[in-house]
Amino acid sequence: MNIRNSKEIIQNILERYNFTAIYSDSCNKFGIETSKNYADGNDAIDFLYSSAVIGSKSLGFFTELPFFEVTRPLRAECLFITQTLPKYISTPVIIIKNAEDISARLTLAVKLSVEHKIPVTVVITHNAANNYTDFERANNDLGRISPYINASTFKQSISKEELKETYNAVNNNLMQVLPANLTDDITLISLQHKGCFPEYFVPEIKPDVFKILSNDIYAYSSEKDLLEQFFFNNYSTEFDFKEREDKIYPQINNLLCPGCPFVNIFARGVEKDTIIFTDITCKGVLETFPELNYLTIDGYMGIISSEVRSSTLFIGKASSYKSHYNNIISKRGRVILLNDSSVAKIDGFSSIRHPKKLNKIKNTLYPYSCNNIKKYSKVKIKLHKCSCIKNNAPCSVFEKTLCPAIYTSSNDISIDNIMCNGCLACKLLCSQGAVS
């Protein structure tokens, strides 16, 4: 298995398509290098759309996707990525609620854009964007043509009749690939949380979910108005869903991956006043732990080869480690290797099967890296022991771990067991013993 976190999967797929015209507002959470030279979303849409018309592969990240009209056929793919529904549908929209769907649905979006010569929007929800799954590599070469422009390029247009035919063809494609699988006993509709939600939307075509939607269905309070307005704006249909109290994901600038090795290492395996080095370049980790100093493994060996009196620690990839380093670290320094290559053991290192076995002394082979996070037993919250709930205070464990598997409402703190990998950092860091 090749376990990757969502952001790595998204970055890997998008970079493989070699997009050349790329824009982002503050919504870009996926580590893709982008241009920020455009004043607002409408200007960015014009930039990306025009680029795709002449054959430049275009990609945009938007906090809120503006409405625009599809007027000209594209000569290259054009994707718009966001984490919430657009107010008005102006392109086909593919929904990604689960991490295991990221690879297939991003690839599907690119193929639809290429084959039907229109932009496609992809909504990647919070849960999908902050998770991990097995990643199957694939050949995504679609054999596209090179960009060009001539006098007639921008005179070409799509008539309303042609656009309607295109939307019908897109809808037929999506029906075959993403069947609705609807049942009559649906009680909850939700985009960001567990609950029924359409797999896709196509302009001017009412989705099958309308056959079962009614005012008797619940919606979370944070989504109720948004969903009601969305269905009214795009389908002229009014709903007044029943309101359910939210499972609110903590609002914070940076979230780490579930089971992030660095959370456990800092909680269990670091002595006070240790100078810490790493060759891991994850922005989230480096921002969360400012005490980390970037250095290659060779650079670290150079430092500890000298008479260094300070306590030092290097955290790096096992695949970068060479056996002759043992002669150096046996004398001074300490190394924790993140097992990114599934090796059983490395001479001179203590291999552990679970993060809870980590200590502050030995050179250690950590059981996984950021790229192949393992899954352990489920974690539970004992609410009767939780002082954060009793005192109506923010979840202290979340503030220490930044783990997206922890979410709260006004009188509840829960663990998303689909997202949680069971690393038990939360159990260690909860001073009340409310995690088991």
Side-chain angles (χ1 to χ4, degrees), residues 13-14 17 19 21 45 48-60 62 65-82 85-97 101-124 138-145 147 152-182 191 197-213 230-231 233-237:
I13 293 170
L14 296 181
Y17 283 116
F19 288 94
I45 290 289
L48 296 170
Y49 195 4
S50 298
S51 298
V53 166
I54 67 169
S56 292
K57 292 169 273 187
S58 302
L59 172 67
F62 295 86
L65 185 66
F67 178 80
F68 67 97
E69 292 188 18
V70 176
T71 57
R72 301 188 301 275
L74 307 182
R75 300 189 73 252
E77 59 264 48
C78 181
L79 293 192
F80 303 134
I81 294 180
T82 182
L85 287 173
K87 290 182 180 178
Y88 296 91
I89 297 175
S90 48
T91 75
V93 178
I94 294 177
I95 307 297
I96 302 179
K97 289 187 68 171
D101 295 329
I102 291 173
S103 180
R105 296 199 182 188
L106 279 176
T107 301
L108 173 62
V110 172
K111 289 183 177 180
L112 286 176
S113 182
V114 171
E115 292 172 8
H116 298 283
K117 302 180 180 180
I118 57 174
V120 175
T121 299
V122 179
V123 177
I124 304 177
N139 178 12
N140 291 339
D141 182 11
L142 300 180
R144 290 171 297 278
I145 53 182
S152 65
T153 299
F154 286 89
K155 292 181 181 179
Q156 299 179 41
S157 61
I158 302 177
S159 68
K160 291 185 177 179
E161 291 74 18
E162 290 172 327
L163 193 57
K164 188 172 183 178
E165 289 180 7
T166 297
Y167 288 151
N168 283 327
V170 169
N171 190 62
N172 289 335
N173 287 161
L174 289 171
M175 285 176 62
Q176 294 176 10
V177 179
L178 305 174
N181 295 325
L182 298 176
L191 170 66
F197 203 78
E199 306 285 352
Y200 62 88
F201 296 95
V202 178
E204 303 179 19
I205 298 176
K206 187 174 286 191
D208 287 342
V209 73
F210 275 81
K211 298 175 182 177
I212 56 167
L213 284 184
F230 174 82
F231 288 128
N233 289 346
N234 293 284
Y235 304 104
S236 302
T237 303

Apply the side chain to side chain contact (heavy atoms under 4.5 Å, CB included) test between [X] and each candidate in [options]; give the one that qualifies.
| X | options | value |
| --- | --- | --- |
| Val202 | Asn173, Asn172, Val170 | Val170 |
| Pro203 | Val70, Val93, Thr166, Ile89 | Ile89 |
| Glu77 | Glu115, Lys57, Lys111, Lys117 | Lys57 |

Polar side-chain atom of [X] near backbone of [Y] as donor-acceptor pair, under 3.5 Å:
| X | Y | value |
| --- | --- | --- |
| Thr91 | Thr121 | yes |
| Ser58 | Ser56 | yes |
| Ser157 | Arg72 | no |

Problem - Which atom of Ile13 lies closest to which atom of Ser103, heavy atoms considered - result: CD1-CA, 3.2 Å
Exercise for the section: Kindly determine whether Lys206 and Thr237 satisfy side chain to side chain contact (heavy atoms under 4.5 Å, CB included), including the steps that lead there. Expected result: CA-CA 10 Å; Lys206 187 174 286 191; Thr237 303; 3.8 Å; yes
Practice task
Could you tell me how the ring of Phe201 sits relative to the ring of Phe197: parallel (under 30°), tilted (30 to 60°) or perpendicular (over 60°)?
Solution key: perpendicular
Exercise for the section: Evaluate the criterion side chain to side chain contact (heavy atoms under 4.5 Å, CB included) for residue pair Leu59 and Tyr17; output intermediate values, then yes/no. Expected result: CA-CA 10 Å; Leu59 172 67; Tyr17 283 116; over 6 Å; no
Handout entry: Test item: Phe62 and Pro86 side chains (from C-beta on) under 4.5 Å apart, heavy atoms
Key = no
Handout entry: Verdict with reasoning, Arg105 to Tyr200, per side chain to side chain contact (heavy atoms under 4.5 Å, CB included)
Key = CA-CA 10 Å; Arg105 296 199 182 188; Tyr200 62 88; over 6 Å; no
Exercise for the section: Rounded to the nearest 0.5 Å, what's the gap from SG on Cys78 to OH on Tyr49? Could you check? Expected result: 8.5 Å
Exercise for the section: Show your working on side chain to side chain contact (heavy atoms under 4.5 Å, CB included) between Ile94 and Leu112 and close with a plain yes or no. Expected result: CA-CA 10 Å; Ile94 294 177; Leu112 286 176; 3.9 Å; yes
